Amino acid sequence: MADSDSGVPVRVCSVDDLADGEAAVADVGGVTVAVVEFDGEVYALENVCPHQGGPVGEGKVEDGCIHCPWHGWQFELESGEHVHGPTAVNTFQVTVEDDDVYVAV
Amino acid sequence: MSRTVIDGEWHSAESGADIREYISDETLLENERSGYGAGPDEWGPVQWDGWDRSAGGRSEIRIHQPEVEGAEDIDEVREQLGIDTVVFSPGQFRMTTIPAVDKQVAYMRAFNDLTVDKFARGDGTYYAKLFIFGDHPEESAAEIDRLGEEDGIVGAMITDVGPTFPMGHKSYEPIYEAAERHGLPIILHSTTGILPAFPIVGYKPTNFAEFHTLAHTIPKMWHANSLIQRGIPERFDVDFGFWEGGLSWVPALAERLDREYLERSGEFAELSKLPSEYLSEFYYGTQPLPEEATTMVSVADLIERCDLEDQLVYNSDRPHQDFDAPMAIGNIPDLTDAQREKILHDNAAELFGL
């Protein structure tokens, strides 16, 4: 678990940990966060789908979106918004310093 | 939240080949082991339909799970989801796709022996339904008699796409008599079916979405209409459960049924009440629940208008791609705590005698 005061960046993983397309999942200040890389950018979003609580971070990433593996709900990595519906998954600020990925919740 | 959550449907995960190994006739067993070289061994005679349920791998679908060799192998996922008790449904319920009619009964029996051996525990956690074949009613009734009192067997499931006749037809009466003898409910569950015309396949859907939107619901209306018009609920003390068709078709059918009844009641069997009132006595699986965004559908309103408070049973439909977690029941707007408790526990306990 990576403890965090609200808004304080916490190291979650290294960039290399994301190289194979897998998400890094960590508890940051009581929030389960999934960190994924797409097209050279790193994104952090809450690893709980607003639909039925599925592990969003375990889903397929493509075209700037991630698909929750439970029911395929498609969220934009940048905004967290569902591509076709009026809902969103929470996203968090990411900073990369050297090879380390930090997330603030 | 419910004191315990009962899931009225979790599919076992056997392959066609797993079922084959329970065939009791040695000659047939050897024949079946040696056959089917044109497809993967695990298929056996159960045809695959070619539909991609995963939307290109974007959602999980694992109908055959080799690692699930018995009920306890789902312990971890079940506990993660917060489900206490499971009533298994057959996994390879597409048995109606077995093209060799003379082998269907042998596979039905093998399937039920597998279910009793691996999934029907009767231990407070794991129960199961038998599989019965609509086009083999005498043999299906014999299966209910053979295994209906086994520990953990609490119902019988019929694949409702595949039978030649709707379920009010007189050919099904041996099944209803057997179910009545053993106090087992009959659960209707659809599949992708291989019939050339009904309900959907022959009408050429463009893709799985176009097919799956209607594939479960239309057979439910076909059978419920027939059961009521032929007076089956008046003649047999058997509970019927309609799984995986959603709920909104119930008032749609009620509207048409009552209209026809009041115009031409002489064409109906002897009924003691309006046809729509029988719909309020059937049981319905909750899965798939309407999405929150579908504002024209209100489960709370359906429960009230259709008098279904004691008839809805939580179904997860694991491990299929469109499953509902128990939290989906918690998310339904405008239900009382008592109604959620009935959906998650009480109604299943009543239906299955748990």
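Atoms considered below: every heavy atom in the structure, side chains included; atoms not considered: hydrogens, waters and symmetry mates. In what follows, chains are A, B, ... by sequence order, proteins preceding strands, each numbered from 1. Please read all numbers here as calculations on a predicted model, not as lab measurements.
Residue-environment remark: CD (Gln80(B)) exceeds the threshold of 12 foreign heavy atoms within 6.0 Å. Gln93(A) CD: 12 or fewer foreign heavy atoms inside a 6.0 Å radius. In the displayed structure, Glu304(B) atom CD is contacted under 6.0 Å by at most 12 heavy atoms of other residues, nucleotides or ligands. Few gaps surround CD on Glu309(B); more than 12 heavy atoms of other groups in view lie less than 6.0 Å from it.
Residue contact with chain A, scored on non-hydrogen atoms closer than 4.5 Å, is absent for Glu292(B). Contact annotation for Glu62(A): only side-chain heavy atoms (C-beta onward) come within less than 4.5 Å of a heavy atom of chain B. Neither the backbone nor the side chain of Ile329(B) comes within contact range of chain A; no heavy atom of the residue lies under 4.5 Å from a heavy atom of that chain.
For the pair Pro86(A) and Ala293(B), the tightest heavy-atom approach, listed with the atom from each and the gap, is CD-CB, 4.3 Å. Residues Trp70(A) and Glu60(B) come closest through the heavy atom pair CD1-OE1, 4.4 Å. Contact between His71(A) and Ser59(B) at its shortest, heavy atoms only, is C-CB, 4.0 Å.
Listed for the Gln52(A) side chain is no donor-acceptor partner under 3.5 Å among the backbone atoms of Ala328(B).
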